[in-house]
2 protein chains.
Amino acid sequence: MSFPNLTLFRHYAESVPSAIPKTVLKTHTDNSVTVADAYPKSLFHFIVLPRALPPLDISNLKDLRTLLKCDREQALQVLKRLDADAEAVRAIIEAEMVSKYGFKWEIWTGFHPLPSMEHLHLHVLSADLCTPAMKIKKHYNSFHPKLGFFLHLEEVLSWFEATPSFYDMKRALTPRQYEDRLKEDLMCFKCDDVFKTMPKLKEHLQQEWDRMAKREKAKLAKKRKREEEAAAKAGDGDDGNVKAKKCETESPAE
Amino acid sequence: MSFPNLTLFRHYAESVPSAIPKTVLKTHTDNSVTVADAYPKSLFHFIVLPRALPPLDISNLKDLRTLLKCDREQALQVLKRLDADAEAVRAIIEAEMVSKYGFKWEIWTGFHPLPSMEHLHLHVLSADLCTPAMKIKKHYNSFHPKLGFFLHLEEVLSWFEATPSFYDMKRALTPRQYEDRLKEDLMCFKCDDVFKTMPKLKEHLQQEWDRMAKREKAKLAKKRKREEEAAAKAGDGDDGNVKAKKCETESPAE
DNA sequence: TATTCCGATAGTGAC
DNA sequence: GTCACTATCGGAATGAG
């Protein structure tokens with residue numbers, strides 16, 4: 001991936017997994033191939049690429065707009081399969097979050113309405129947006145979860161539950177309503193503070209992440225301590241352990 | 001002059017010449033101090049700084065607009081003295097042109113209507129505009145001889161010959177009529193060709209200068225040859241030399 | 001909304 | 001219209017059987 005090959009995603013979607021470099025391929029199913037984003041915009045950033053399965057072919061999977069021009073049920077089926085595969089990818093990410101950082105945080109799953117690279121691709125990425133590849137306003141705004149450019153898969157699926165006219169309006173994905181959003185001010189997706197430059201935003205995002213990491217680790221330490229205490233109590237009587245576990249499930253710390 | 005001191009020119013105008021670094025001071029009179037521009041925009045680029053002479057004081061010499069608010073005859077006198085001193089500076093430049101490059105070319109003398117550095121300063125610079133310090137559009141357009149931002153001293157002096165209402169209009173030097181001119185397209189001051197970038201313009205200006213240098217040197221070689229031939233002829237008869245000299249004065253080569 | 005390279009553009013700070 | 005620094009913005013090229 002040393003040169004910008006705009007058809008690389010399609011190539012991957014048509015390849016057998018063994019033909020994809022091991023450093024690139026994350027996982028795969030009969031429906032999709034998941035690869036590491038070459039320029040990750042978050043600490044975890046993967047791309048889920050649907051395969052062309054009958055009756056659809058590769059030309060129906062050019063991008064989201066193209067897919068949504070297909071038969072409604074066929075399009076929905078593609079999205080549901082992507083949803084299932086993304087769920088598995090999120091499970092992988094969460095396991096790596098715990099092993100690498102000791103805690104888990106939010107993961108977003110969604111599309112860009114006006115992609116540059118060919119072939120429909122679903123982004124699955126952790127909610128941090130602070131990496132070396134995160135360089136310009138367009139990068140950041142294209143993943144901001146509340147700006148409206150990043151189309152959460154859940155939202156796209158909800159279009160299928162709405163009225164036909166609403167579905168028709170949404171599936172048009174007219175560029176004009178989206179492209180201006182990338183030029184919006186740089187607003188922190190966590191606290192809504194506005195920043196004038198990317199370096200200042202990124203410094204802030206790093207602080208937000210550091211604070212979150214500290215908080216989450218403290219939370220886990222507390223939880224572990226509670227569990228140890230419960231285990232100690234369980235040593236006295238036999239029903240103490242069951243009660244502690246129930247409490248933890250119903251009202252987690254914080 | 002290692003840091004941009006906005007009052008440096010005023011400081012020089014108030015200094016005795018011996019207090020000005022030798023590498024900076026070019027020449028001086030009772031009326032003015034001439035210094036080398038620290039960021040020359042042409043191969044020769046000097047700054048003539050009027051001294052405050054009674055009845056005017058330093059506050060009357062803040063910039064051209066301030067001077068033109070003064071008594072009309074007093075202002076005219078300042079400009080006429082600058083004109084005379086600039087004439088001497090041009091003579092120095094022409095001598096250096098010949099010694100350094102073997103030929104002479106045009107020299108411009110004028111003001112900027114919206115200067116950033118304090119104290120009225122007259123630019124005297126050779127017509128080439130292609131040096132390392134010539135970096136951005138604003139630099140170039142501010143010296144373009146036909147754009148209207150660079151105010152030739154001759155033109156300013158002509159305002160004094162016009163009607164009082166014309167003089168009043170011109171001397172206001174309202175910023176709005178000048179500031180937009182610096183954003184005009186990059187047009188070669190010799191051939192009017194337009195360039196999209198400074199590197200491309202500068203490459204062209206260098207070619208223009210190289211062509212001119214070649215042309216002027218050929219012209220001088222021709223002239224010298226003619227003079228030699230005339231001298232040879234003069235060896236035959238006594239009045240040949242006088243005739244050749246007269247011809248040269250009246251219709252120079254080209 | 002692929003990146004990278006080049007260059008123009010805009011804001012700031014200098015003391 | 002002082003410069004130098006930082007960062008943004010804007011276009012064009014990009015690979016190659």
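Letters A, B, ... are given to chains in the order of the sequence lines, protein chains preceding strands, and every chain is numbered from 1.
For Glu184(A) and Arg181(A), the salt-bridge test fails: no basic side-chain N is under 4.0 Å from an acidic carboxylate O. Between Lys146(A) and Asp192(A) a salt bridge is recorded (basic side-chain N to carboxylate O distance below 4.0 Å). Taking a cutoff of 4.0 Å between a charged side-chain nitrogen and a carboxylate oxygen, Lys190(A) and Glu106(A) do not qualify as a salt bridge. Ion pairing between Arg90(B) and Glu87(B) holds under the 4.0 Å rule for side-chain N and carboxylate O.
The distance between atom CG of Leu201(A) and atom P of dA7(D), rounded to the nearest whole Å, is 13 Å. Between the P atom of dC15(C) and the CE atom of Met117(B) lies a distance of 14 Å, rounded to the nearest Å. Spacing between atom CG of Asn5(A) and atom P of dG15(D) amounts to 11 Å, rounded to whole angstrom units. Atoms CG (Asp37(A)) and C1' (dT3(C)) sit 12 Å apart, rounded to a whole Å. One can place NZ of Lys200(A) at 8 Å from P of dA7(D), the figure rounded to the nearest angstrom. Rounded to a whole Å, the NE2 atom of His11(A) is 14 Å from the P atom of dA16(D). We find that NE2 of His139(A) is positioned 12 Å from P of dT8(D), with the value rounded to whole Å. In this structure, the CG atom of Leu6(A) is 12 Å from the C1' atom of dA13(D), given to the nearest Å.
Looking at heavy-atom distances under 4.0 Å, Glu179(A) makes contact with a base. Using a 4.0 Å heavy-atom cutoff across all strands shown, His121(B) reaches sugar-phosphate atoms only and no base atom. Nucleic acid contact for Phe143(A): sugar-phosphate only, since backbone atoms but no base atoms lie under 4.0 Å from a heavy atom of the residue. Within 4.0 Å (heavy atoms only), Lys202(A) reaches no atom of the nucleic acid at all.
When the C1' atom is compared between dT4(C) and dG17(D), the two are found 25 Å apart, to the nearest whole Å.
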For residues 150-157 of chain B, which side-chain donor-acceptor pairs fall under 3.5 Å, sequence neighbours excluded?
from, atom 1, to, atom 2, distance (Å)
His152(B), NE2, Pro145(B), O, 3.0
Glu155(B), OE2, Trp159(B), NE1, 3.4

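A cation-pi arrangement is absent between Arg171(B) and Tyr167(B) under the rule of less than 6.0 angstrom and at most 45 degrees off the ring axis.
Screening Trp108(A), Tyr39(A), Phe149(A), Phe143(A) for a ring-ring contact (aromatic ring centres under 6.0 Å, His included) involving His123(A) leaves a single residue, Phe143(A).
Note that the OG1 atom of Thr34(A) and the CZ atom of Phe46(A) stand 9.0 Å from one another [nearest 0.5 Å].
Pairing each heavy atom of Leu56(B) with each of Asn60(B), the nearest pair is CA-OD1, 3.4 Å.
Listed by first residue number, the stems of DNA chain C with at least three Watson-Crick or G-U pairs below 3.5 Å are C:2-14 with D:2-14.
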| How does protein contact run along nucleotides 6-12 of chain C, one letter per nucleotide 5' to 3', with B for base contact, S for sugar-phosphate only, - for none, heavy atoms under 4.0 Å? | -SSS---

